[in-house]
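Working notes for the structure below.
Small disclaimer: the values here were computed from a predicted structure and weren't measured.
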Amino acid sequence: MTDAAALPGQPRGGVLSGPATARAVNVLAPNPSAMTLDGTNTWILSEPDSDLAVVVDPGPLDDGHLRHVVATAEQAGKRVALTLLTHGHPDHAAGAARFAELTGTRVRALDPALRLGDEGLAAGDVITTGGLELKVVPTPGHTADSLCFHLPADRAVLTGDTILGRGTTVVAHPDGRLGDYLDSLRRLRSLTVDDGVHTVLPGHGPVLEDAQGAVEYYLAHRAHRLAQVETAVEDGYRTPGQVVAHVYADVDRSLWPAAELSVRAQLDYLEEHGLI
């Protein structure tokens, strides 16, 4: 068995649902798959002495899950006062409108189409609810509307799909762009270096105890894959499907459609930079 401390980001072992930091509790959605790992992590955030909570990514449209999130907050003496989205993919956001009905909350997101209420989210926004402080960090790349949330009091960052608790994420071409994604990873690295962030609360998979190690691993992985794709094109593999079959031969074939999205994003990046 591999020691978790030796894995990228030092993933925390044990049950995924439950308290993760002093201010963050995870409720795991029942939607496991090859793409969602164990399921979507729905995060309940609150100050320990507050009766108000913020929920990040209600998850899929699963009434049982959404009610479980509300019940978990209520059992802790909290009322959900605000709903936030890291991005608009259905496994994170499809349940947001129903969750808003159950809780009477607004839904704030970068994409106006996902919002319920007048307020959106933008770079530099600071959210304060019941004494809780969250800073909005723009992290486009996985999707154009991807955001992370910096939780300074816990030295943590909620990363949605920008960094996962296990494996690596997809740059979802054409909405996602590799150049943006690399910039976002560097932005997250600065949080670990300059702001002392050490914990990653991801959208899927276990909590990571070494945020800087996780970011460095992602940057190295992207550089390695990009070099492989560039070499594959030079060797005559021209179409995204051909590149995937060559470069991702060691990856489960069920993941090849997602890998093709990333390859398309990588090909665009190489063309934009005059490398192919």
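Within a 6.0 Å radius of CZ in R253, other residues, nucleotides and ligands contribute 12 heavy atoms or fewer. When the shell of 6.0 Å around CG of D118 is examined, it contains 12 or fewer heavy atoms from other residues, nucleotides or ligands.
In terms of heavy-atom proximity, P140 sits nearest to S184 at O-OG, 2.6 Å. Residues A259 and Y248 approach most closely at CB-CD2, 3.8 Å, considering heavy atoms. When all heavy atoms of L114 and G88 are compared, the closest pair comes out as CD1-CA, 3.3 Å. What you find for R166 and P206 is that their closest heavy atoms are NH1-CD, 3.8 Å. Closest of all the heavy-atom pairs between D145 and L110 is CA-CD2, 3.6 Å. Across all non-hydrogen atoms, the minimal contact from P138 to A123 is CG-CB, 3.5 Å.
When the side chains of ILVMFWY residues are joined at heavy-atom separations under 4.5 Å, either directly or via intervening members, V157 and L164 end up in a single hydrophobic cluster. In the hydrophobic clustering of ILVMFWY residues, with side-chain heavy atoms under 4.5 Å counting as a link, I44 and V56 come out apart. At a threshold of 4.5 Å between side-chain heavy atoms, the hydrophobic network of Ile, Leu, Val, Met, Phe, Trp and Tyr places L182 and V263 in one connected group. L158 and L188 fall into different hydrophobic clusters, where Ile, Leu, Val, Met, Phe, Trp and Tyr residues are linked whenever their side-chain heavy atoms come under 4.5 Å apart, directly or through other members. Linking ILVMFWY side-chain heavy atoms closer than 4.5 Å, directly or via other members, places V251 and V229 in a single hydrophobic cluster.
A donor-acceptor pair under 3.5 Å is formed between the side chain of Q266 and the backbone N or O of S262.
Residues K135 and V126 meet the side-chain proximity criterion, which asks for heavy atoms closer than 4.5 Å. Between V170 and M35, the closest side-chain pair of non-hydrogen atoms falls below 4.5 Å. Annotation: side chain of D161 is in contact with side chain of H92 (closest heavy-atom distance under 4.5 Å). By the 4.5 Å heavy-atom criterion applied to side chains, W43 and L151 are not counted as neighbours. For the pair P202 and I163, the minimum side-chain heavy-atom distance is 4.5 Å or more. Looking at heavy atoms from C-beta onward, R79 lies out of side-chain contact with D51 at the 4.5 angstrom threshold. Counting heavy atoms from C-beta outward, P48 and R23 have side chains that approach closer than 4.5 Å. You'll find the side chain of L226 reaches within 4.5 Å of the side chain of L178, heavy atoms only.
How far NE2 of H68 is from CD of Q75: 6.5 Å, rounded to the nearest 0.5 Å. Rounded to the nearest 0.5 Å, atoms CG (N26) and CG (L16) are 6.5 Å apart. From D63, atom CG reaches atom CZ of R98 across 4.5 Å, with rounding to the nearest 0.5 Å. Considering CG of L132 and CD of E47, their distance stands at 5.5 Å, rounded to 0.5 Å. Put simply, CG on L45 and CZ on F149 are 9.0 Å apart, with the number rounded to the nearest 0.5 Å. Interatomic distance, CD of Q228 versus CG of D235, reported as 11.5 Å (0.5 Å rounding).
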Handout entry: Residue pair L82, R106: steps toward the side-chain contact (heavy atoms from CB on, under 4.5 Å) verdict
Key = CA-CA 6 Å; L82 179 63; R106 297 165 293 145; 3.7 Å; yes

Practice task
Let me see the working for T199 and D154 under side-chain contact (heavy atoms from CB on, under 4.5 Å), right down to the final yes or no.
Solution key: CA-CA 8 Å; T199 302; D154 284 347; over 6 Å; no

Exercise for the section: Using the side-chain contact (heavy atoms from CB on, under 4.5 Å) rule, take V233 and L267 through it: C-alpha gap first, then chi angles, then the decisive distance, then the call. Expected result: CA-CA 9 Å; V233 172; L267 292 173; 3.6 Å; yes

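The pair D268-R177 does not meet the salt-bridge criterion, since no charged nitrogen lies less than 4.0 angstrom from a carboxylate oxygen.
Under 3.5 Å, the side chains of H65 and N31 contain no donor-acceptor pair of N or O atoms. For the residue pair T36 / S33, a side-chain donor-acceptor distance below 3.5 Å is found, with atom types taken as modelled. A donor-acceptor contact under 3.5 angstrom links the side chains of T86 and D57, judged on distance only.
Using cut-offs of 30° and 60° for the angle between ring planes, the H87 and H89 rings count as perpendicular. Ring geometry for H246 versus Y237: interplanar angle under 30°, hence parallel rather than tilted (30 to 60°).
Remark: R155 engages H198 in a side chain to side chain contact (heavy atoms under 4.5 Å, CB included) (not counting sequence neighbours).
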